[in-house]
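Heavy atoms only: backbone and side chains are in, while hydrogens, waters and symmetry mates are out. Chain identifiers are assigned alphabetically (A, B, ...) following the order of the sequence lines, protein sequences preceding nucleic acid strands; residue numbering begins at 1 within each chain.
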Amino acid sequence: MADIIIDHVTKRFGTFTAVDDLDIRFSDGDVTCLLGPSGCGKTTLMRMIAGLETPSSGRILFGERDVTQLPPRKRNIGMVFQYPVMYPTLSVAENIAQPLKHDRSLSRGERERRVEEVLDLLDMRKQARAFIDDLDAGSRQKVAVGRSVARQTDIVLFDEPTTNVEVNAKLQLIRTFKAVTQRLKQTIVYVTHDQTEAMTLADRIALMKDGSIVQYDAPRRLYNDPSTEFGGWFLGNPGMNFIAAERRGNQLHATILDSPLDVASDLGGGEIVLGIRPENVLMHSEPGPGSVEGRVTEQTIGIAGRNLARIAVGSAVIKVKADGPAPVAADGTVQLSFPRDRILVFRNGARVTL
Amino acid sequence: MNAESLKRKGYYAVLWLTSLLFFAPVAWIVMSSFKTRNDILAVPPKLIFSPTFDNYLDLLDRNTSFVLQFANSVVLSLSAVVIAVVVSFLAAFCFSRFKPKGTNFLMFILLSIRMLPAPAVILPVYLMYANFGWKDSHIALILFYAMFSIPFSVWILKGFLDGVSVRFDETGLVNGGSWLHVIFRVVLPQLKPGLIAAFIFNMIFVWNEFLFNFIVGGVSTQNIPYALAVGTYSDGGLNWTFIATLTTIYIIPPIVFIYLFQKYLLAGMTFGTVRGEV
């Protein structure tokens, strides 16, 4: 069992810096999701952990062991790729057993026991004798997971394993991952650009941008308390609303506020922005305490039957996610209220607490 | 009969005619090997004759070096090509996976070596071999043939290796395989068509090789092309029975080989143009 310690690791490709002086520790037994947009360096970081890339500078440690210069096979890891690569002429069970054959410390009985265990875990006992060519992409990926965990390595890495799987199979696959990760107490690093996946699977999410980790927190905390504007925007569907605010003395004024917001006097200068999640904005037909007026510009039905409305308040456009449709049709007028405890304040892109 | 089937029949007629045209000389040689000397030279040519095996018996009886020549041909080509394919596979793997600086330039140089006419190198090679005392040595000749086969094999195999995704390597590596495991157990099996294509192309080259065998080789390394060239006039005129018999034996191994591996050979010939991604 091992922590993964990334000790000031930088990776450059030519003049491009893919990973920029990262310094972080992924705890033993945790499922950590590396989440971020394309090109943020999450895959490069994972490939360095796997040993497929060597850092330009810095060290990678598994527990006490410095693995920076070790080849992949000496690192005792398992990895599942975006594209499952299998022995097409072998059956599911044989594919899972394949890497075990190279471990001489395992007896034949132990090998068989592990394969059986993994088949149960994946709920694939019926397909054990099936050939890889007969399986769909989702099932192949499950076999790849099985092959990686059967070796019972300290660390298992997942590199966007659901990208090439169609939607229904994807949900099933994520359920399998969840079951597998809960049963096994291995340290797992999971790379994805899909926030739902990250939210479902992770104990902790490392949100990445431009080669750096922006925030490293539990999913709920990351969602509710983003430390940066980027975090608020990237997580959530749709992302957070951002409204420009103006500071006068110790008070913030914005179009969404009917009365100014008090702030500390040492806030400092710079661009101030208020953020609030679309589902935290309340929409009424009649004016209430603290409400401001807005005009409905667009209405759509979003995920899980939630209604999504875009409402113009002064010069700002606010996205609102509610259980029911807006009380008026497009171009009608509604009242919006913004609970004060849900409003986050950002200065120059970074969160400030009031 | 509709137009479609007529077109089809015409198409086959053309194919048959072309094949007959190309195979007529081969058929003549093979038939001649079963004829007597008089039958071969008969005018008009005899299509119907009573076959005889005398020529083959003759070849074994009188021409005492036949067994040596045939064995030499087999040993020289097989060992040279096996060496060439093994070396080329490893070289191509390196070029394809690690892409050392100047890979493209080196690949170009390799291909240009293939364009070098043999007579252009025969003199320096002869001088070198003569001075080293390597003339008439099997090992020296095998090494030379291997050297001559490697460039083209590297070229073919690199094309095939580029078609095998790096994902296979990486999956193998992170799941506990060594490089040796990845090279020989994961990548190699997927390269069968390429290996067989390289094998056959080079086999044909060495099997047909006369010039270097004649000049760099010697009495103990003589092969069938050498025997054909030397034996043609051995009878005080063109020795047709000898030529026909030896040629017939000579073409059997390549035909058998190609027949057995024809599906791979086709894949080998289309390399670079048809390449599937996994």
Side-chain angles (χ1 to χ4, degrees), chain A residues 43 46-53 67 70-90 95-106 132-133 137 140-141 143-161 163-164 189, chain B residues 89-90 92-105 157-197 260-261 263-264 266-268 271 274-278:
Chain A
T43 298
M46 161 156 294
R47 289 173 63 87
M48 286 192 289
I49 296 173
L52 295 171
E53 304 278 358
V67 297
L70 287 185
R73 79 193 147 92
K74 295 210 173 133
R75 296 189 177 201
N76 196 22
I77 47 168
M79 185 161 176
V80 180
F81 288 84
Q82 201 170 339
Y83 300 87
V85 171
M86 298 282 146
Y87 297 94
T89 54
L90 300 183
N95 262 291
I96 293 173
Q98 195 63 32
L100 301 179
K101 286 190 183 155
H102 297 288
D103 191 344
R104 304 215 182 278
S105 65
L106 292 179
I132 296 299
D133 280 344
R140 283 185 204 187
Q141 201 57 279
V143 179
V145 173
R147 186 175 58 185
S148 302
V149 299
R151 288 173 54 223
Q152 305 194 346
T153 51
D154 298 340
I155 292 163
V156 185
L157 307 170
F158 291 82
D159 184 9
E160 307 198 20
T163 311
N164 295 296
V189 181
Chain B
F89 168 66
L90 294 172
F93 189 88
C94 173
F95 277 126
S96 170
R97 291 303 194 259
F98 304 117
K99 297 189 180 64
K101 276 211 174 84
T103 294
N104 286 337
F105 180 68
L157 290 174
K158 179 171 181 287
F160 276 91
L161 273 163
D162 287 344
V164 177
S165 171
V166 190
R167 286 179 217 137
F168 289 98
D169 305 27
E170 293 184 344
T171 307
L173 286 177
V174 291
N175 287 306
S178 61
W179 269 115
L180 282 179
H181 176 86
V182 167
I183 294 175
F184 291 106
R185 303 292 293 281
V186 178
V187 175
L188 189 67
Q190 302 185 56
L191 227 61
K192 226 190 253 166
L195 291 170
I196 288 172
L260 290 178
F261 296 113
K263 62 172 179 181
Y264 296 110
L266 199 66
F271 85 97
V274 185
R275 193 180 293 160
E277 257 292 275
V278 278

Problem set entry | B:Val174 versus A:Ala50, closest heavy-atom pair with distance | CG1-CB, 3.9 Å
Problem set entry | Part of A:Leu52 within contact of chain B (heavy atom distance under 4.5 Å) | side chain
For this session: Determine whether more than 12 heavy atoms belonging to other residues, nucleotides or ligands lie under 6.0 Å from atom CZ of B:Phe98.
Result: yes
Problem set entry | Listed partners of B:Phe89 passing ring-ring contact (aromatic ring centres under 6.0 Å, His included), at least two apart | none
Taking only distance into account, so ignoring hydrogens and angles, what donor-acceptor contacts under 3.5 Å exist between chain B and chain A?
unit_1   : atom_1 : unit_2   : atom_2 : d
B:Glu170 : OE1    : A:Arg47  : NH1    : 3.0
B:Glu170 : OE2    : A:Arg47  : NH1    : 3.1
B:Glu170 : OE2    : A:Arg47  : NH2    : 2.5
B:Asn175 : O      : A:Arg151 : NH1    : 3.3
B:Asn175 : OD1    : A:Met79  : N      : 3.4

For this session: Just jot down the side chain to side chain contact (heavy atoms under 4.5 Å, CB included) partners of A:Ala150, sequence neighbours excluded, or say none.
Result: A:Ile96, A:Leu100, A:Val118
